[in-house]
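Structure, as structure tokens:
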Protein chains: 2
Amino acid sequence: MPAPAPRADREPLSRARVLDAAVVLADAEGLGALTMRRLAGELRCEAMSLYHHVADKNALLDGLAEVVVGEIAEACLDPGATAGSLDWRDVVRRRCLAARTVMHRHPWAPGLIAARSQPPPTVYPLFEALVATMVEGGCGYPLAHRAIHSLGSMLLGFTQELFEPAVDDEQARDEAAQDLAPTMPHLAHLAEVAVHEARGSLGICDTQAEFEFTLRLILDGLEAHRITR
Amino acid sequence: MPAPAPRADREPLSRARVLDAAVVLADAEGLGALTMRRLAGELRCEAMSLYHHVADKNALLDGLAEVVVGEIAEACLDPGATAGSLDWRDVVRRRCLAARTVMHRHPWAPGLIAARSQPPPTVYPLFEALVATMVEGGCGYPLAHRAIHSLGSMLLGFTQELFEPAVDDEQARDEAAQDLAPTMPHLAHLAEVAVHEARGSLGICDTQAEFEFTLRLILDGLEAHRITR
DNA sequence: TGAAGGATTCTTACGTTGTAAGGTTGACCT
DNA sequence: AGGTCAACCTTACAACGTAAGAATCCTTCA
């Protein structure tokens with residue numbers, strides 16, 4: 001097995017280093033400034049060298065979404081963020097606020113994530129933790145599921161079909177759920193429930209129903225404020 | 001004054017025709033397929049001809065956002081959409097659903113609108129109508145204002161600072177509010193109220209407070225569902 | 001009738017982008 | 001010493017947005 005052959009005269013490139021530099025560049029000058037040549041310049045290499053660490057520009061953007069959502073997940077799951085919270089609402093609330101401060105550092109992120117067809121896999125630990133908190137708080141899986149949809153825009157900055165096209169193939173979906181089970185037990189369970197509820201899995205939720213649910217939630221909340229004002 | 005000089009042998013171009021073709025193209029093949037040359041091809045002209053009707057590609061995208069939001073506003077304000085509604089919530093609910101069906105036809109729209117720094121002016125009639133409905137429903141301007149923020153993602157597909165950078169200059173803001181007054185009385189009034197409430201106008205809301213308000217709305221609504229399940 | 005004038009459209013050209021193809025380098029293992 | 005292979009660079013090309021200016025066409029007035 002050949003060992004890696006880093007040059008002695010400078011830090012070798014790597015997927016992580018490329019993505020980190022891309023995030024820094026996008027933060028500083030926006031997504032528009034993120035070109036392969038410019039990014040290479042920041043890393044003191046040539047554009048084509050980047051292609052050894054990311055497949056192409058699209059993969060680079062996928063990676064960016066992954067990194068940012070990962071940052072959000074990390075911030076949300078930091079125990080310090082929710083220390084001393086008793087109510088499940090308080091935990092979820094603080095997590096959403098933590099997500100927001102991360103998004104604030106990367107204003108280009110919502111648009112980027114929204115543009116990808118699939119949310120990056122780094123959302124799963126976050127959703128898993130949220131569902132866990134809610135279920136332990138007595139919400140039950142169906143409500144926790146709806147909550148994830150309702151909170152989507154608070155966590156990632158946009159609404160609209162969080163899990164849209166995904167997989168049409170039913171068997172592939174079942175396998176995906178199986179893969180999820182060991183590390184994401186709540187999400188796996190939620191997927192099962194969703195199958196019975198909306199004839200879809202994580203991949204195919206009844207987004208219309210979810211939309212209407214969230215809408216009613218907001219309107220009813222506003223009505224309550226109107227009455228007690 | 002020279003009259004327009006359209007060619008006899010074919011329909012002349014126009015800003016509206018360019019934008020319409022751009023919407024059709026984006027709907028069919030996505031925003032990525034929307035290039036000046038390609039769009040020109042659809043219109044059976046050369047790329048450079050487009051520049052007489054839109055300043056540049058960025059202006060084209062601005063125009064696209066304008067058209068889509070205009071479509072949304074039109075669908076929402078269609079009296080048929082809200083006929084027979086007594087409750088203000090029902091009116092607003094139906095408008096949001098109408099907005100959603102329009103967005104469904106233009107899946108690229110939320111990302112596009114979110115990417116522009118300012119929402120297109122075609123939102124104003126929509127917001128005006130929503131505020132009017134809510135105020136007449138007994139909500140009061142402060143609550144109607146919050147409602148617009150809370151409903152942002154239900155109407156346009158994304159959250160996150162609907163009116164972000166806008167104008168720093170205080171005088172310019174006052175003038176903008178003046179211009180609004182004749183056609184958008186409720187929005188103009190709302191802007192005044194916002195100045196006192198959050199030390200900002202339409203241009204500078206306390207987005208953090210709005211975010212937290214919406215978040216609590218959703219969480220409290222979910223909690224109510226938990227209890228009564 | 002026809003020439004001017006001005007809006008519209010097209011031609012050509014340039015710089016920048018993403019990336020395919022293939023050459024070069026240098027650390028490691030025999 | 002020489003071979004191997006990942007990492008990296010050079011060159012090249014098609015497609016993009018768009019600047020500059022020529023060509024085209026309708027209108028208007030002489």
Side-chain angles (χ1 to χ4, degrees), chain A residues 1-26 28-65 108 111-112 115-117, chain B residues 1-26 28-65 108 111-112 115-117:
Chain A
M1 182 189 296
R7 283 209 196 177
D9 55 336
R10 57 174 148 162
E11 183 82 1
L13 289 176
S14 67
R15 184 179 145 86
R17 226 160 80 79
V18 169
L19 292 182
D20 284 353
V23 169
V24 170
L25 181 53
E29 308 187 30
L31 269 189
L34 182 63
T35 71
M36 298 302 271
R37 282 175 234 261
R38 178 69 202 280
L39 179 57
E42 298 292 328
L43 289 163
R44 260 158 254 296
C45 70
E46 297 305 310
M48 292 310 291
S49 303
L50 303 175
Y51 286 83
H52 279 263
H53 303 97
V54 292
D56 56 13
K57 174 120 198 234
N58 213 42
L60 175 70
L61 295 179
D62 283 344
L64 271 196
W108 41 270
L112 178 68
R116 320 276 93 204
S117 58
Chain B
M1 183 187 295
R7 281 209 197 177
D9 55 335
R10 57 175 147 160
E11 184 82 2
L13 289 177
S14 67
R15 183 179 145 87
R17 226 161 79 78
V18 169
L19 292 181
D20 284 352
V23 169
V24 170
L25 180 53
E29 307 186 31
L31 269 189
L34 182 63
T35 70
M36 299 302 272
R37 282 174 233 259
R38 179 69 202 281
L39 179 56
E42 299 292 327
L43 289 163
R44 261 159 252 296
C45 71
E46 297 305 310
M48 292 310 293
S49 303
L50 303 175
Y51 286 82
H52 278 259
H53 303 96
V54 291
D56 55 13
K57 175 122 197 231
N58 213 44
L60 174 70
L61 295 179
D62 283 344
L64 272 196
W108 42 269
L112 177 69
R116 321 274 94 206
S117 58

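Small disclaimer: the values here were computed from a predicted structure and weren't measured. We name chains A, B, ... by the order of the sequence lines, and we start the count at 1 in each one.
- Applying the 4.0 Å criterion to OP1 and OP2 of D:dA6, one finds that A:H53 has every side-chain N and O outside that range.
- If you take CG of B:L50 and P of C:dC10, they are 9 Å apart, rounded to a whole angstrom.
- The nearest whole Å value for the distance from the CG atom in B:L43 to the C1' atom in C:dC10 is 15 Å.
- One interatomic measurement links the two molecules: NE2 of A:H52 to P of D:dT10, which rounds to 13 Å at whole-angstrom precision.
- Taking CG of B:D20 as the reference point, atom CZ of B:R15 lies at 10.5 Å (rounded to 0.5 Å).
- Closest heavy-atom contact between A:H53 and A:S49: ND1-O, 3.6 Å.
- In this structure, A:L13 and A:H52 have side chains that are not in contact, with every pair of non-hydrogen atoms separated by 4.5 Å or more.
- Judged as a salt bridge (Lys or Arg N to Asp or Glu O under 4.0 Å), the pairs with a partner in residues 49-62 of chain B (not counting sequence neighbours) are, in order, B:D62-B:R116.
- Atom CZ of B:R44 and atom C1' of C:dT8 are 19 Å apart (whole Å).
- Side-chain atoms of B:L60 and B:L50, non-hydrogen and from C-beta on, never get closer than 4.5 Å to each other.
- Atom C1' of nucleotide D:dC16 and atom CD of B:E46 are separated by 15 Å, given to the nearest angstrom.
- Taking 4.5 Å as the limit, some side-chain heavy atom of A:L64 sits within range of a side-chain heavy atom of A:L31.
- Contact between the side-chain N/O atoms of B:S49 and the OP1/OP2 oxygens of C:dC10 is found at a separation under 4.0 Å.
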Nucleotide N/O to protein N/O under 3.5 Å, stretch nucleotides 18-21 of chain C:
residue : atom : partner : partner atom : Å
C:dG18  : OP1  : A:K57   : NZ           : 2.9
C:dG18  : OP2  : A:M36   : N            : 3.0
C:dG18  : N7   : A:R37   : NH2          : 2.6
C:dG18  : O6   : A:R37   : NH2          : 2.7
C:dT19  : OP2  : A:Y51   : OH           : 2.9
C:dT19  : OP2  : A:K57   : N            : 2.8
C:dT19  : O4   : A:R37   : NH2          : 3.3

